[in-house]
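Inspection log for the structure reproduced underneath, given as structure tokens.
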Amino acid sequence: MPFSLNLYHDQIGANGASTAPLPAAHRLLYVRHGRVAIGGQTKNADEATYRDGTVAMKSAGEWCQVWRWELAPPNAAPALLEGEGVFSSLRMSRVITTLPMPEGSHWLLRLDQIITGPGRIADRHQHPGPGIRCLLEGTFNVQQDAESYRDLAPGDAWWETGSDTVIAWSSRQIAAKFLRGMVLPVEWEGKVTGTWLSGKTPPPGNWKLYLDRVIVV
């Protein structure tokens, strides 16, 4: 069965809440700003959680923002959060074409973070699975055959198929920090991805793993 990987940004005003839960799906949720109750469990800024059931959200004080990655059928309607003081937007949706995902197969759903120093260039490399990245800080550039991006700003998203060769770089003035919501083969659990085609592995960047969750589709 084919799947899309979708990225949403959900913003909830002070003391706001969703009026109806999101339908069940495999999803990763990251609190970008503020504090939010997700399914009754409060999460702080820079914390993440995995949910596969229905999900309701409520701000825990000031306004909050959640970045949400989820798997869905390619023809599904956008799963937008609704409620008083709630703004929800679908930032990116891409169909996964590089992995066979038959019913009952196991996959690794990952959320991690990369920090790359000012002026650093990530030479030709690939990954074992696709994903949607979203920039947290700085600016970033991505060159690849599938989709290339220039001067990305915080909140901007980009897609990497995994199998396409990528070259990427930040500005010379400021470090770049971004999140990656990825679908990977399960043997990559707990391991840093990246195959460097030059044959010379560069020094590792600053990598933070939020979640690795093995799922059955």
Side-chain angles (χ1 to χ4, degrees), residues 1-12 17-18 20-60 64-74 76 78-83 86 88-96 99 101-114 127-136 157 159-160 162 177-193 207-217:
M1 175 180 176
F3 286 93
S4 286
L5 181 61
N6 301 331
L7 171 64
Y8 297 86
H9 287 185
D10 302 317
Q11 184 171 302
I12 306 173
S18 57
L22 295 168
H26 294 293
R27 54 173 56 99
L28 301 165
L29 302 105
Y30 171 82
V31 182
R32 176 69 180 93
H33 178 82
R35 300 174 68 242
V36 58
I38 301 173
Q41 182 181 19
T42 300
K43 291 291 181 180
N44 299 312
D46 196 40
E47 292 183 345
T49 186
Y50 164 82
R51 292 287 190 274
D52 61 356
T54 59
V55 168
M57 299 189 212
K58 180 179 180 180
S59 66
C64 60
Q65 186 181 53
V66 175
W67 292 1
R68 168 168 52 100
W69 287 258
E70 64 185 46
L71 291 174
L80 299 176
L81 198 68
E82 299 179 351
V86 173
S88 183
S89 62
L90 175 61
R91 297 304 301 269
M92 180 169 279
S93 177
R94 295 292 186 272
V95 178
I96 297 171
L99 297 176
M101 301 182 71
E103 185 175 355
S105 59
H106 292 69
W107 298 95
L108 183 68
L109 199 57
R110 167 174 292 179
L111 182 67
D112 62 6
Q113 175 186 273
I114 298 292
H127 292 280
I132 296 177
R133 280 75 164 152
C134 196
L135 193 65
L136 283 164
W159 170 250
E160 294 186 17
K177 180 189 293 186
F178 57 90
L179 297 183
R180 306 186 300 185
M182 305 174 71
V183 181
L184 303 168
V186 295
E187 59 264 27
W188 285 91
E189 186 173 7
K191 301 175 184 177
V192 182
T193 65
W207 180 62
K208 178 178 180 179
L209 178 62
Y210 289 95
L211 283 169
D212 263 353
R213 181 60 60 97
V214 176
I215 63 171
V216 181
V217 298

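On a predicted model such as this, the values are computed, not experimentally measured, just so you know.
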Of all heavy-atom pairs linking Ala48 and Leu111, the shortest is CB-CD2, 3.6 Å

For Leu29 and Met57: C-alpha separation, side-chain torsions, deciding distance, then whether side chain to side chain contact (heavy atoms under 4.5 Å, CB included) applies. CA-CA 11 Å; Leu29 302 105; Met57 299 189 212; 3.5 Å; yes

CA sep, side-chain torsions, deciding dist, call: Arg133, Ile114, side chain to side chain contact (heavy atoms under 4.5 Å, CB included): CA-CA 10 Å; Arg133 280 75 164 152; Ile114 298 292; over 6 Å; no

Residues that Tyr210 engages under ring pair (Phe, Tyr, Trp, His ring centres under 6.0 Å), provided they are two or more places apart: Tyr30

Examine distances only and state if a side-chain atom of Arg32 and a backbone atom of His9 form a donor-acceptor pair shorter than 3.5 Å. no

What one should report as the nearest heavy-atom pair of Gly131 and Trp159 is O-CE3, 3.3 Å

For Gln65 and Trp67, work out which heavy atoms get closest and say how close. OE1-NE1, 3.2 Å

Any donor and acceptor pair, going by atom type alone, linking the side chain of Asp212 with main-chain N or O of Glu189 inside 3.5 Å? no

Can you confirm whether Glu103 is buried at CD, in the sense that more than 12 heavy atoms of other residues, nucleotides or ligands lie under 6.0 Å from that atom? no

N/O donor-acceptor pair under 3.5 Å between His26 side chain and Val216 backbone: yes

Shortest non-hydrogen pair, Met182 vs Gly129, comes out as CE-O, 4.0 Å

Least distance between heavy atoms, Pro2 atom then Pro74 atom: O-CD, 3.4 Å

Heavy-atom neighbours of Lys58 NZ exceed 12 at 6.0 Å: no

For Asp112, check side chain to side chain donor-acceptor pair (under 3.5 Å) against everything at least two apart and list the hits. Arg180, Trp207

Which heavy atom in Ala157 sits nearest to a heavy atom in Met92, and how many Å separate them? O-CE, 3.6 Å

Backbone N or O of Leu81 within a donor-acceptor pair of the Ser88 side chain at under 3.5 Å? yes

How about CD on Glu82, more than 12 heavy atoms from neighbouring residues, nucleotides or ligands closer than 6.0 Å, or not? no

